[in-house]
Amino acid sequence: MNMPDKNPQGIIENFDLFAPKLVDKEEYFSYGHRACQGCGEALAIRLMCKALGKDTVIANATGCMEVVSSLYPTTAWKLPWIHVAFPNSAAVGAGVEAGLKALRRKGKIADRRVKTVAIGGDGGTLDIGFQALSGAMERGHDMLYVCFDNEAYMNTGIQRSSSTPFGASTTTAPAGKQSIGNKTWKKNAPEIMVAHNVPYVATACHSYPLDFMNKVKKARKIKGPAYIQCLSVCPTGWRVGSEDCIKMGRLAVETGVFPLYEVENGKYRMTMEMPEKLRPVEDYIKLQGRFRHLRPDQIKDIQRRVNLEYRLLMNKVAHSISWLDAGAENK
Amino acid sequence: MSKRIGMEVAMAVAEAVALCRLDMAAVYPITPNTHVAEHLSEIVAEGRIDAEFITVESEHSAMSAVMGASATGARTFTATSSQGLMYMAEVLPIASAMRLPIVMSVANRAISGPLNIWNDHSDIMYQRDAGWISIFGENGQEMIDMAIQAFKIAEHQDVLLPVNFNMDGFQLTHMVEPFEMPDQAEVDKFLPPYIPYATLHPDKPVTMGALGLPEIFNEVMKAKDTALVNSKKVILEVWKEWEKMFGRKYEPVSSYRAKDARVMLLAMGSMGETAEMAVDELRKKGKSVGLLKLKLWRPFPFEELKKAVKGAKVLAVLDRAVSFGGPGGPVGGEVRAALYGEPDRPVVMDYIIGLGGRDMTVEDFMAIAEKASLAEKRKTKELYEIYGVRGT
């Protein structure tokens, strides 16, 4: 291995080998929680907490992570944590942020920045919690919202949400003789968050831990609202082996089904190097039980859609400008 | 020194809340409580108080946000009405279970449908079992006083429960009344800073709102019930202290010319004052009629009510909501239950009045008292009556 003092060039080349050593050793999301084997979301939460560090308050929506982590009288949380209900983690977080701000200003608590982070699953964020999320983002709270997107209501037993991909079989959109499964395309929530003009929006996945953690760190620094949607593989709901959790996340990215990007002040940027030609979506779909029933022509439809969405994204990457730069142009 | 001023009641409530050294408020507009929110936002905008003011996108978020802020140790307030209160319903029992001392003003208004923005008590009755302390005021002065008292009650170490204080929509909120407004020094003397039991802060991380399995749920519910029942002691203390400082007396059940009355009316909210006039008229005519006013709705003042009805032959409860297909009105049902074990209990008649802003005149209350007095002699099978229904 290249040592930093002998070969500075090597640090850059082997950054991914060195970088994990820089990750906080402290665990803020403890072992002993009750998540399923191979749960991508539990891993993602653990990584997020490491990136956030100690001075953080978490507001959690009802869902898998709340249920597995806070079974009274135990808790997996070493960070201050609050759960109120399903649709309101963004609103509770907004209140936490406002409370801390007022108390700090009035000298009633220590004079240092504590970041408020609201979290929820795709159902709690993009369906029932969407209004609260939109309100909180629009009002500009100093709050990061992280949506752990496992593409269905997994906590209640794999029902479809607006974030469920087209063609996936769920318990409320089952595949059958007259049904392809879920009949709608996945809601493009990061794009809706971009439309809220928040300073930072990103997609992420636990299978790219450093990328995810860097995004969380970046979002944490921003004194304003930020949104990260973290694809979180659910082996139980996706019907894949628990050992395939990381692989599935990688495939989602490599096929372009869930590209990793960030939007900083309106400027789009891909954060992971993507192959010139995307892997076929079939590579991703054929491994998952939820897509088992799909015919080749239906998979082709999905491929076409993925191609289109990816092209639209690439266009934005090529043509979007930061509103900070746009301001400069007018001067 | 308190100052005698004239002002719209809703605005005066905002002034009273502002005197409480508020840290944070979250509100969503709804008639007829909007003036509380508007005036409070004005006070913040003018820099008269140092508080965070969040204009949330719904009442559900209003309650959620004040819960989040309260959990950090902030003194919080919100205001709502009718559909807004219904929209909050999901989180109201969580606020009490989490023992967050939030204060909320409710401008009582009918719940839809049909859509109606005027006064009755159907909104708060729907939330009867949310585990909140619930207080009813009769006039502007009481609303101001209750707003300030509410923080002291809610934040007391032996209570730590959310409090709602109820004022009749329009009939009270939009009245311009004269009243004594306490000054800052007086309120500071009465209301100490809030010392929270636990807060959300990294210096001492805590988990709030954990999952409760069946093994623990009964105990949590018992604890909540006990907390609410025990809060009465503190409420009475706070009211005593208030009386000492400001000279205005508050009781869970107050009575007006009810001593030795054979027929008693029992009212909640602003209609008490109209009912008083009816009692005066009837007394002039030599009728043995009195009035009780229920100020404390939760915790329910069982003992005080039993004592207050002693000697009455008929108790006419004036309900402002319907429990459809049930015993009539929610208050009537509770009063009957409260008096069931009493050997000399009065006949309890339940008159549901003034729904959705329907006017109630002095004559109406007199007619009800007359009607109720008949029940003393004639055994009636009617449990309740929706009073003043046209076309019957």
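Small disclaimer: the values here were computed from a predicted structure and weren't measured. Just so it is clear: chains get the letters A, B, ... in the order the sequence lines come, proteins before strands, and each one is counted from 1.
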Answer with side chain, backbone, both or neither: which region of [X] has an atom nearer than 4.5 Å to a non-hydrogen atom of chain B?
X: A/Val67; value: both
X: A/Ala59; value: neither
X: A/Thr74; value: neither
X: A/Val114; value: side chain

Quick one, [X] and [Y] - any side-chain contact, counting heavy atoms below 4.5 Å?
X: A/Ser70; Y: B/Leu211; answer: yes
X: A/Arg139; Y: B/Glu57; answer: yes
X: B/Asp203; Y: A/Lys54; answer: yes
X: B/Met98; Y: A/Ile82; answer: yes
X: B/Glu52; Y: A/Glu97; answer: no
X: B/Ile54; Y: A/His141; answer: yes
X: B/Pro202; Y: A/Arg112; answer: yes
X: A/Pro87; Y: B/Glu90; answer: yes

How far apart are the closest heavy atoms of [X] and [Y], and which atoms are they?
X: B/Ser61; Y: A/Ala91; answer: OG-CB, 3.3 Å
X: B/Thr72; Y: A/Leu103; answer: O-CD1, 3.1 Å
X: A/Gly95; Y: B/Met24; answer: CA-CE, 4.1 Å
X: B/Gly209; Y: A/Trp81; answer: O-CZ3, 3.9 Å

Just give me the residue among [options] that pairs up with chain A most often, heavy atom to heavy atom, under 4.5 Å.
options: B/Met67, B/His60, B/Arg75; answer: B/His60
options: B/Ala74, B/Ser64, B/Ala210; answer: B/Ser64
options: B/Val91, B/Leu200, B/Val56; answer: B/Leu200
options: B/Ala97, B/Gly73, B/Ala69; answer: B/Ala69
options: B/Thr76, B/Ile94, B/Thr199; answer: B/Ile94

Would you mind checking which part of [X] comes under 4.5 Å of any heavy atom in chain A, side chain (CB onward), backbone (N, CA, C, O), both or neither?
X: B/Ala26; answer: neither
X: B/Val206; answer: backbone
X: B/Leu100; answer: neither

To the nearest 0.5 Å, what is the distance between [atom1] on [X] and [atom2] on [Y]?
X: B/His201; Y: A/Leu100; atom1: NE2; atom2: CG; value: 6.5 Å
X: A/Glu138; Y: B/Thr55; atom1: CD; atom2: OG1; value: 7.0 Å
X: B/Glu215; Y: A/Leu71; atom1: CD; atom2: CG; value: 9.0 Å

More than 12 heavy atoms of other residues, nucleotides or ligands under 6.0 Å from [atom1] of [X]: yes or no?
X: B/Glu219; atom1: CD; value: yes
X: B/Leu213; atom1: CG; value: yes
X: A/Arg46; atom1: CZ; value: no
X: A/Phe130; atom1: CZ; value: yes
X: A/Gln37; atom1: CD; value: no

Review point. Is it true that A/Lys106 and B/Asp23 have a side-chain N and a carboxylate O under 4.0 angstrom from each other?
Key: yes
**Study point:** Partner chain B: residue of A/Val57, A/Thr75, A/Val84, A/Thr116 with the largest heavy-atom pair count (under 4.5 Å)
**Key:** A/Val84
